[in-house]
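Lettering follows sequence order; numbering is per chain, from 1.
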Number of protein chains: 2
Amino acid sequence: MQIGEVAARTELSLRTIRHYEETGLVAPSARSRGGFRLYTETDVARLMVIRRMKPLGFTLDQMRDLLDATDRLDADTPLRADEREALLERVRTYQREAAAQVEKLRVQLSRAEDFEGTLRARLERDAHTDRA
Amino acid sequence: MQIGEVAARTELSLRTIRHYEETGLVAPSARSRGGFRLYTETDVARLMVIRRMKPLGFTLDQMRDLLDATDRLDADTPLRADEREALLERVRTYQREAAAQVEKLRVQLSRAEDFEGTLRARLERDAHTDRA
DNA sequence: CTCTACCCTAACGTTAGGGTAGAGTTGTTG
DNA sequence: CAACAACTCTACCCTAACGTTAGGGTAGAG
């Protein structure tokens with residue numbers, strides 16, 4: 001399928017999808033004779049994974065690194081034990097960072113709720129404090 | 001107090017505090033003869049407000065605009081009724097946007113938790129899937 | 001003085017895309 | 001087959017919110 005449909009399904013912009021390709025995150029599986037990007041379901045799934053990762057605040061480079069690690073762990077080609085261990089350690093590092101980021105998001109959310117509440121309270125106060 | 005202590009207390013970086021000044025968000029109440037920025041408790045409080053606003057994803061321009069509105073509502077100088085109403089409407093708009101943003105944050109948080117869980121589950125699986 | 005810990009400005013770098021221009025491609029009509 | 005709408009391409013410039021040097025000045029203790 002072409003980029004437009006992918007964009008619709010992933011809710012990512014065309015620009016974003018192309019940008020992900022530029023930085024090596026997700027390349028279309030093929031191109032049409034005319035040069036149009038052609039994506040498979042697998043490509044779309046990968047974009048979905050990235051979309052789920054986005055709120056974790058990883059940079060695109062980190063995401064590429066992580067995806068690369070899991071791809072190689074999932075590949076059919078067997079790995080040497082130490083290679084495998086190194087990849088797992090990389091994934092573990094990201095998992096720890098992800099957990100930390102989840103905590104940060106909780107803090108952010110509560111700050112945001114707090115601020116929104118303050119703002120609303122203030123408006124209610126102002127509503128019947130007619131000092132004009 | 002000087003910028004370093006302000007940074008420590010607000011958990012904002014020196015660069016960030018200076019940047020806020022550059023864009024007209026919070027200016028230090030004074031400067032030392034040598035040119036050091038000198039902040040009062042009030043300045044720090046304002047920075048704290050901004051820090052609470054940050055997770056809401058407002059731009060610095062919007063924050064300046066909102067702070068400006070609340071400042072003028074809180075000022076001692078009385079306002080014409082229509083001016084006051086205009087300011088309140090501005091604040092209301094931001095409050096609505098804040099509420100929307102809180103919703104977004106909730107979605108992000110749940111996506112992040114989801115992803116972190118996936119990653120952890122995967123690591124547990126890998127841990128005893130010794131195919132090396 | 002002089003030393004150390006701070007602080008200053010100026011200016012370019014980075015990240016994750018947004019937007020636009022100008023040109024080519026696809027698939028559908030008449 | 002030509003014409004056409006809808007879509008896509010590359011290339012390039014733009015933005016926000018800081019980070020990061022570089023090169024220097026300041027506060028105050030000893």
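- Applying the side chain to side chain contact (heavy atoms under 4.5 Å, CB included) criterion to B:K104, with sequence neighbours excluded, gives B:Q101.
- Counting any heavy atom pair closer than 4.0 Å across all strands shown, B:T23 reaches no nucleic acid atom.
- Among A:T10, A:L67, A:L25, the single residue meeting the side-chain contact (heavy atoms from CB on, under 4.5 Å) criterion with A:R46 is A:L67.
- The footprint of chain B on DNA chain C, defined by a heavy-atom cutoff below 4.0 Å, extends from C:dC6 to C:dA11.
- Under the 4.5 Å side-chain criterion, counting only non-hydrogen atoms from C-beta, B:R9 is in contact with B:M1.
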Would you tabulate the pairs of protein nitrogen or oxygen atoms and nucleotide nitrogen or oxygen atoms of nucleotides 6-9 of chain D closer than 3.5 angstrom?
unit_1 : atom_1 : unit_2 : atom_2 : d
D:dC7  : O3'    : A:Q2   : NE2    : 3.4
D:dT8  : OP1    : A:Q2   : NE2    : 3.3
D:dT8  : OP1    : A:G4   : N      : 2.7
D:dC9  : OP1    : A:R37  : N      : 2.7
D:dC9  : OP1    : A:R37  : NH1    : 2.9
D:dC9  : OP2    : A:R18  : NE     : 3.2
D:dC9  : OP2    : A:R18  : NH2    : 2.9
D:dC9  : OP2    : A:R37  : NH1    : 3.3
D:dC9  : O5'    : A:R37  : NH1    : 3.3

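- Residues satisfying the salt bridge (charged side-chain N to carboxylate O under 4.0 Å, His left out) criterion with A:D68, sequence neighbours excluded, are A:R72, A:R90.
- Salt-bridge annotation for A:D71 and A:R64: absent, with no side-chain N of the basic residue lying under 4.0 Å from a carboxylate O of the acidic one.
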Donor-acceptor pairs under 3.5 angstrom involving side-chain atoms of residues 105-112 of chain B: please list them, not counting sequence neighbours.
unit_1 : atom_1 : unit_2 : atom_2 : d
B:R106 : NH1    : B:E103 : OE2    : 2.5
B:R106 : NH2    : A:E113 : OE2    : 2.6
B:S110 : OG     : B:V107 : O      : 3.2

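- With sequence neighbours excluded, the residues that form a salt bridge (charged side-chain N to carboxylate O under 4.0 Å, His left out) with A:E21 are A:R31, A:R37.
- Every residue meeting the side-chain hydrogen bond (donor to acceptor under 3.5 Å, both in side chains) condition with A:E11, not counting sequence neighbours, appears here in chain and number order: A:R51.
- Remark: the backbone N or O of A:Q2 is not paired with any side-chain donor or acceptor of A:E5 at under 3.5 angstrom.
- For B:F58, the ring pair (Phe, Tyr, Trp, His ring centres under 6.0 Å) partners two or more places apart in sequence, or in a different chain, are B:Y94.
- Within residues 48-64 of chain A, the residues that have a heavy atom under 4.0 Å from DNA chain C are, in order of number, A:K54, A:F58, A:T59, A:L60.
- For A:E116, the salt bridge (charged side-chain N to carboxylate O under 4.0 Å, His left out) partners at least two apart in sequence or on another chain are A:R120.
- Not counting sequence neighbours, the partners of A:R92 by the salt bridge (charged side-chain N to carboxylate O under 4.0 Å, His left out) test are A:E85, A:E89.
- Stem list for DNA chain D (at least 3 consecutive Watson-Crick or G-U pairs, distances under 3.5 Å): C:1-30 with D:1-30.
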